[in-house]
2 protein chains.
Amino acid sequence: MQAEEAILALGALAQEHRLALFKLLVRAGAEGLPAGAIAAELDIPNSSLSFHLAQLNRAGLVNQTRSGRSLIYSANYAEMNALMGYLTENCCAGGTSCGAEDSGEAGSSSAVFVTAQSKGNSA
Amino acid sequence: MQAEEAILALGALAQEHRLALFKLLVRAGAEGLPAGAIAAELDIPNSSLSFHLAQLNRAGLVNQTRSGRSLIYSANYAEMNALMGYLTENCCAGGTSCGAEDSGEAGSSSAVFVTAQSKGNSA
DNA sequence: CGGCCATTTCAAGAAAACTCGAAACGAGCG
DNA sequence: CGCTCGTTTCGAGTTTTCTTGAAATGGCCG
């Protein structure tokens, strides 16, 4: 991940509704949630939600799937992991090679955001 | 850390100049850098830099120290760790108790951003 | 104490983000 | 095939963020 992409992801999460939205999707797991359910849960008008969903999508943090008339959104754990990795790399004071300024994609950071398989999230 | 604080920190980093600035300070280590050196390094007008520095400071991501006429800024690793922890907790699919919706401050996440003691950063 | 130098604050304008009702779009049911 | 329902797009208004020169502040040297 490079800076521009990280900024996009960071900016996508730096908003009350979108952070709540992403948290909701992370909690919902791989099955995701339809847009309508999210709007109802977060108590946000449909058009506003759509705007935020588009932002998150543009940042690559959510995936979109169709299921009948509904569009199902789910958290993109890979992108979130990439963001965490970027943040970790740019601190790089944890023990890894620190002097590395722009060694490209390292990817050596441990993946914290594993794909949460559905574990009883009935909501 | 709670959502509002995380949003502030996320927003502080979600900006080209500020992300570069924070990266620079992280790399600079505990000794930090004077404002002027940062402005020169990043090629940003003093007033703009001051604005961004204030943003980062408001988010608690940087510390301010005086040294003669210069103000030295350094990265606040603790706050960054808190942010990483918040992000990790809200994913919570890594192995910790996942169903915990708002269990307050967990702090069980491993600190990745340890205070980088000056390790030969001569710049 | 007078001046200088690093930095911040002020003010004003430009650009971007956010909000949300209304209209449009498209899939699927009957 | 027409209708309905879930969702997105559009448009317009409000708010926030970003930028920068100029002025103010405060420490320090002589």
Side-chain angles (χ1 to χ4, degrees), chain A residues 3-25 28 31-75 123, chain B residues 3-25 28 31-76:
Chain A
E4 199 178 344
E5 192 182 351
I7 289 170
L8 205 58
L10 250 7
L13 293 176
Q15 212 280 334
E16 184 185 350
H17 293 326
R18 287 196 297 265
L19 183 58
L21 168 43
F22 186 73
K23 282 164 61 176
L24 188 64
L25 287 184
E31 26 182 315
L33 287 172
I38 300 171
E41 177 76 25
L42 265 41
D43 198 29
I44 295 176
N46 272 340
S47 51
S48 294
L49 177 78
S50 195
F51 170 77
H52 290 305
L53 237 17
Q55 295 278 112
L56 246 8
N57 193 38
R58 193 165 68 96
L61 285 168
V62 301
N63 299 123
Q64 195 185 46
T65 317
R66 174 167 290 281
S67 170
R69 277 179 293 196
S70 293
L71 285 176
I72 309 296
Y73 285 92
S74 59
Chain B
E4 200 178 343
E5 193 182 351
I7 289 170
L8 204 59
L10 251 5
L13 293 174
Q15 213 279 335
E16 184 184 351
H17 293 325
R18 286 196 297 265
L19 183 58
L21 168 43
F22 186 72
K23 282 164 62 175
L24 188 64
L25 287 184
E31 25 182 317
L33 287 173
I38 300 171
E41 178 75 25
L42 266 41
D43 198 30
I44 296 175
N46 272 339
S47 51
S48 295
L49 177 78
S50 194
F51 170 78
H52 290 305
L53 237 17
Q55 297 277 112
L56 245 9
N57 194 37
R58 193 166 68 95
L61 285 167
V62 301
N63 299 124
Q64 196 185 46
T65 316
R66 176 168 289 279
S67 170
R69 279 178 293 196
S70 292
L71 285 176
I72 309 296
Y73 287 91
S74 59
N76 183 353

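The chains referred to below are lettered A, B, ... by the order of the sequence lines, with proteins before strands, and numbering in each begins at 1.
- For the atom pair CG (A:Leu53) and OH (A:Tyr73), the distance works out to 4.5 Å, reported to the nearest 0.5 Å.
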Worksheet item: Just by protein heavy atoms under 4.0 Å, how would nucleotides 9-21 of chain C read 5' to 3' in B, S and -?
Response: B--------SBBB
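- Using a 4.0 Å heavy-atom criterion, one finds that B:Glu16 contacts no nucleic acid atom at all.
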Discussion item. Can you build the contact string for nucleotides 25-30 of chain C? Use B for base contact, S for sugar-phosphate-only contact, and - for no protein heavy atom under 4.0 Å.
Written reply: --BS--
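- Summarising the geometry, atom CG belonging to B:Leu21 is positioned 8.5 Å from atom NE2 belonging to B:His52; distances are rounded to the nearest 0.5 Å.
- To the nearest 0.5 Å, the span separating CZ on A:Phe22 from CD1 on A:Ile38 amounts to 12.0 Å.
- Remark: B:Glu16 CD is loosely packed, at most 12 non-hydrogen atoms of other residues, nucleotides or ligands lying under 6.0 Å away.
- B:Arg18 places no side-chain N or O within 3.5 Å of a backbone atom of B:Ala20 that could act as its donor or acceptor partner.
- If you walk DNA chain D from 5' to 3' and mark each nucleotide with an atom closer than 4.0 Å to a heavy atom of chain A, the marks span D:dT4 to D:dT9.
- Under the side-chain contact (heavy atoms from CB on, under 4.5 Å) rule, B:Ser74 has a single partner from B:Leu33, B:Leu25, B:Asn63, B:Val62, which is B:Asn63.
- In this structure, A:Leu19 and A:Leu13 approach most closely via the heavy-atom pair CB-O, 3.5 Å.
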Practice prompt. Walk me through it: do B:Leu8 and B:Arg58 pass the test side-chain contact (heavy atoms from CB on, under 4.5 Å)?
Written response: CA-CA 8 Å; B:Leu8 204 59; B:Arg58 193 166 68 95; 3.7 Å; yes
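- The minimum heavy-atom distance between B:Arg66 and B:Leu71, with the atom names listed, is NH2-CD2, 3.8 Å.
- From B:Leu49, atom CG reaches atom CD of B:Glu41 across 11.5 Å, with rounding to the nearest 0.5 Å.
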